[in-house]
Protein chains: 2
Amino acid sequence: MYRINFSEFFTSAFSVDCMLFGYSQGQIKALLIKRAMEPYNNFWAIPGDLVYPDEDLDEAANRILKDLTGLSDVGLHQAQSFGHPKRHPQGRVVTVSYFAMVRIEDFNAKASSWADEISWVPIHNIPVLAFDHNLIMSTTIELLKQKLRVEPICFDMLPDRFTLNEFQQLYEYAYNQPLDKANFRKKIKHVPLLAHDEKQKMVKHRPAKLFSFAKEEYKTKVETSDYQFKM
Amino acid sequence: MYRINFSEFFTSAFSVDCMLFGYSQGQIKALLIKRAMEPYNNFWAIPGDLVYPDEDLDEAANRILKDLTGLSDVGLHQAQSFGHPKRHPQGRVVTVSYFAMVRIEDFNAKASSWADEISWVPIHNIPVLAFDHNLIMSTTIELLKQKLRVEPICFDMLPDRFTLNEFQQLYEYAYNQPLDKANFRKKIKHVPLLAHDEKQKMVKHRPAKLFSFAKEEYKTKVETSDYQFKM
DNA sequence: TTAAATAATTGTCGAAAATACAATAATTAA
DNA sequence: TTAATTATTGTATTTTCGACAATTATTTAA
């Protein structure tokens with residue numbers, strides 16, 4: 001087997017791309033940045049950065065998240081890696097994509113050193129992006145949709161207190177199909193929700209009750225029974 | 001934000017680790033190699049290699065698979081990436097793990113330049129491995145189990161013609177629990193199988209009918225209906 | 001040749017979940 | 001007070017799940 005010089009392997013760089021998903025106005029949205037540097041200056045892109053030599057991949061993803069949002073302690077999910085030799089014009093850069101769910105209202109995402117402008121874009125209307133970011137984005141969105149089916153990550157996007165309709169509409173948008181109200185409520189019977197006395201306000205119709213996700217109860221339920229979240 | 005010199009980022013290498021899974025004697029097994037070079041000389045490890053500068057990740061995974069088995073055109077699944085800064089003693093090496101299902105009987109896996117010896121080891125009995133390969137292996141095995149639930153990849157491990165009992169036992173081993181025969185057969189009613197006239201031979205009891213997976217029929221079924229494989 | 005043994009295959013029944021659709025209750029705004 | 005709107009609950013039917021029983025086909029030993 002042919003072998004190139006060992007040192008010639010150590011000539012590549014790594015980046016992580018960190019997709020943020022949130023939910024507002026009935027749509028699941030992804031955070032995009034407008035690049036303020038070459039290459040692909042002025043293109044929309046997924047926030048990302050090179051990984052420092054002494055940094056683990058997860059650390060780098062957390063750093064980017066912190067830069068963008070000021071948030072830490074957000075659950076990050078590794079998605080996939082992309083390594084086409086020509087994917088980056090300035091050298092061999094393999095990228096690892098991550099995603100996280102956030103509550104859009106909870107913070108002001110800020111443009112950072114690499115970006116002029118940011119924007120929340122509905123995942124069904126992603127524009128042309130820099131590099132191979134369209135491939136990365138679509139792959140990751142598919143993964144997100146799959147995870148929404150079997151893990152209660154939707155509650156990381158919903159406000160702390162939400163109505164059952166908001167909950168339902170999130171899934172209607174994700175699956176791109178309407179769901180029956182009555183049956184939806186039957187389906188979530190097993191999901192541990194905390195009902196509040198508080199009601200919706202400022203609406204011009206009967207206000208809906210507000211609920212929260214009972215995270216601790218969920219955890220013990222998963223551990224003690226063989227319950228599996230399933231939508 | 002602090003920035004190191006751009007060129008200092010281009011000092012890492014990456015590898016792919018390529019897990020092979022097969023099924024024999026009622027057990028799902030993984031192919032391990034015994035390393036014949038430093039570091040971790042003589043340790044069991046997952047087959048893998050550094051990726052060449054002009055190679056895509058998938059290409060590298062296919063190359064390793066070809067070296068080991070002579071097989072190409074095998075469906076490869078990307079699992080996860082691992083990038084702890086100290087995971088490799090000789091420098092920064094991020095690894096991307098892949099896995100594939102094969103029919104163990106279909107070929108003779110051969111030791112290659114980096115390995116003395118190979119072995120098929122039941123996934124429930126993985127020994128101590130080189131590097132962080134135990135982490136990689138267990139993560140990937142979990143992913144395999146998840147995919148077994150929703151994709152018909154089990155048929156890539158089963159012989160071309162199999163009995164329903166072999167089919168069932170594969171899932172019993174994966175889930176580590178016995179399944180009811182009658183109910184199993186009801187569950188797979190929707191899976192497109194081709195029944196052969198041929199029967200099992202050389203068994204000391206009533207021979208079971210042999211089946212094959214009807215791959216093409218499966219594909220059209222997925223496309224035309226909203227059928228989803230589910231075990 | 002026949003019976004015992006073994007495993008394949010099919011059937012039944014009740015419980016639980018999914019689906020379609022209807023009815024009722026609680027608010028707001030005019 | 002009432003129309004409009006939406007939340008919430010209910011009913012009836014079909015489909016799937018899970019436990020278990022019954023039947024059938026084949027081999028081997030007597």
Side-chain angles (χ1 to χ4, degrees), chain A residues 25-26 148-150 152 158-159 161-213 221-222 225-231, chain B residues 25-26 148-150 152 158-159 161-213 221-222 225-231:
Chain A
Q25 294 151 325
L148 279 171
R149 287 189 182 274
V150 294
L158 285 167
R161 298 185 170 204
F162 51 86
T163 69
L164 297 185
N165 247 22
E166 290 173 316
F167 185 7
Q168 177 175 340
Q169 281 157 15
L170 191 157
Y171 277 94
E172 290 182 326
Y173 186 79
Y175 299 163
N176 205 18
Q177 66 173 339
L179 300 173
D180 183 277
K181 244 179 190 178
N183 295 337
F184 183 83
R185 279 150 201 255
K186 260 176 265 173
K187 193 169 216 167
I188 64 171
K189 266 279 170 352
H190 304 291
V191 181
L193 294 180
L194 184 61
H196 296 280
D197 293 332
E198 192 190 353
K199 304 246 171 91
Q200 237 178 350
K201 274 167 192 148
M202 311 290 288
V203 287
K204 45 169 62 99
H205 52 75
R206 175 180 172 185
K209 218 186 290 180
L210 291 175
F211 294 84
S212 309
F213 178 53
K221 193 168 182 175
V222 168
S225 64
D226 56 355
Y227 166 72
Q228 234 251 297
F229 182 87
K230 184 93 199 324
M231 295 296 296
Chain B
Q25 294 151 326
L148 279 171
R149 287 189 182 274
V150 293
L158 286 166
R161 299 185 169 202
F162 52 85
T163 69
L164 297 184
N165 246 21
E166 290 173 317
F167 184 7
Q168 177 175 341
Q169 281 157 14
L170 191 157
Y171 278 94
E172 290 182 326
Y173 187 78
Y175 300 163
N176 206 18
Q177 65 173 342
L179 301 172
D180 182 277
K181 244 179 193 182
N183 295 337
F184 183 84
R185 279 149 202 254
K186 258 176 270 173
K187 194 168 216 168
I188 63 172
K189 266 280 173 340
H190 303 290
V191 180
L193 294 180
L194 184 61
H196 296 279
D197 293 332
E198 193 190 352
K199 303 248 172 88
Q200 237 178 349
K201 272 165 192 151
M202 314 289 287
V203 287
K204 43 170 62 99
H205 52 75
R206 175 180 171 181
K209 219 186 290 181
L210 292 175
F211 294 84
S212 309
F213 178 53
K221 193 168 180 173
V222 168
S225 66
D226 56 354
Y227 166 73
Q228 235 252 299
F229 182 86
K230 183 95 199 323
M231 295 296 297

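Basis for what follows: all heavy atoms, side chains included, without hydrogens, waters or symmetry-related copies. A note on names: the letters A, B, ... follow the listed sequences, proteins ahead of strands, and every chain is numbered from 1.
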Can you tell me the distance, in whole Å, between the [atom1] atom of [X] and the [atom2] atom of [N]?
| X | N | atom1 | atom2 | answer |
| --- | --- | --- | --- | --- |
| A:Leu179 | C:dC21 | CG | P | 15 Å |
| B:Lys181 | D:dA21 | NZ | C1' | 14 Å |
| B:Lys189 | D:dC17 | NZ | C1' | 14 Å |
| B:Phe184 | C:dT9 | CZ | P | 12 Å |
| B:Phe167 | C:dT9 | CZ | C1' | 16 Å |
| B:Leu164 | D:dT24 | CG | P | 19 Å |
| A:Lys230 | D:dC17 | NZ | C1' | 13 Å |

Working to the nearest 0.5 Å, report the span between [atom1] of [X] and [atom2] of [Y].
| X | Y | atom1 | atom2 | value |
| --- | --- | --- | --- | --- |
| A:Tyr173 | A:Tyr175 | OH | OH | 15.0 Å |
| B:Met231 | B:Leu148 | CE | CG | 9.5 Å |
| B:Gln168 | B:Leu164 | CD | CG | 8.5 Å |
| A:Asn165 | A:Glu172 | CG | CD | 8.0 Å |

- Message: Tell me if the NZ atom of A:Lys221 is crowded by more than 12 foreign heavy atoms within 6.0 Å.
- Response: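 Atom NZ in A:Lys221 is crowded, with more than 12 foreign heavy atoms closer than 6.0 Å.
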- Which part of the nucleic acid, if any, lies within contact of B:Lys209, taking any heavy atom under 4.0 Å across all strands shown: a base, the sugar-phosphate backbone alone, or nothing?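 Counting heavy atoms under 4.0 Å across all strands, the contact made by B:Lys209 is with sugar-phosphate only.
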- Query: What string of B, S and - do you get for nucleotides 11-17 of chain C, 5' to 3', if B is base contact, S is sugar-phosphate-only contact and - is no contact with any protein heavy atom under 4.0 Å?
  - Reply: BB----S
Please tabulate, one pair per line, each protein N/O and nucleotide N/O from nucleotides 24-28 of chain C that are separated by under 3.5 Å, including the distance.
residue: C:dA25; atom: N3; partner: A:Arg206; partner atom: NH1; Å: 3.0
residue: C:dA26; atom: O4'; partner: A:Arg206; partner atom: NE; Å: 3.3
residue: C:dA26; atom: O4'; partner: A:Arg206; partner atom: NH1; Å: 3.4
residue: C:dT27; atom: OP1; partner: A:Lys199; partner atom: NZ; Å: 2.9

- Query: In terms of the angle between their ring planes, are B:Phe167 and B:Phe184 parallel, tilted or perpendicular, with boundaries placed at 30° and 60°?
  - Reply: perpendicular
Report all side-chain donor-acceptor pairs from residues 189-197 of chain B shorter than 3.5 Å, counting only partners two or more places apart or in another chain.
residue: B:His196; atom: ND1; partner: B:Arg161; partner atom: NH1; Å: 3.4
residue: B:His196; atom: ND1; partner: B:Arg161; partner atom: NH2; Å: 3.2
residue: B:His196; atom: NE2; partner: B:Ser212; partner atom: OG; Å: 2.5

- Where along residues 168-178 of chain A does a heavy atom fall under 4.0 Å from DNA chain D?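 By residue number: none to list.
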- Item | Under-4.0 Å side-chain N/O to phosphate OP1/OP2 contact, B:Arg185 with C:dT9 |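 Checking B:Arg185 against C:dT9: at least one side-chain N or O falls below 4.0 Å of OP1 or OP2.
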- Query: Would one find a side-chain N or O of A:Asn165 under 4.0 angstrom from OP1 or OP2 of D:dT6?
  - Reply: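 Result: no.
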- Task: Mind listing the closest non-hydrogen atom pair of B:Phe213 and B:Phe162 along with its distance?
- Result: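 For B:Phe213 versus B:Phe162, the nearest heavy atoms are N-CE2, 3.9 Å.
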- Item | Non-hydrogen atoms of A:Thr163 and A:Glu166 that approach each other most closely |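 Here A:Thr163 and A:Glu166 meet closest at N-OE1, 2.8 Å.
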- List in chain and number order the residues that pass side-chain contact (heavy atoms from CB on, under 4.5 Å) with B:Val150, two or more places apart in sequence or in another chain; answer none if no residue qualifies.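 Result, side-chain contact (heavy atoms from CB on, under 4.5 Å) vs B:Val150: B:Gln228.
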Counting only pairs under 3.5 Å, give me each side-chain donor-acceptor contact of residues 176-183 of chain B, with atom names and distances, residues two or more places apart or in other chains.
residue: B:Asp180; atom: OD1; partner: B:Ala182; partner atom: N; Å: 3.0
residue: B:Asp180; atom: OD1; partner: B:Asn183; partner atom: N; Å: 2.9
residue: B:Asn183; atom: OD1; partner: B:Lys186; partner atom: NZ; Å: 3.4

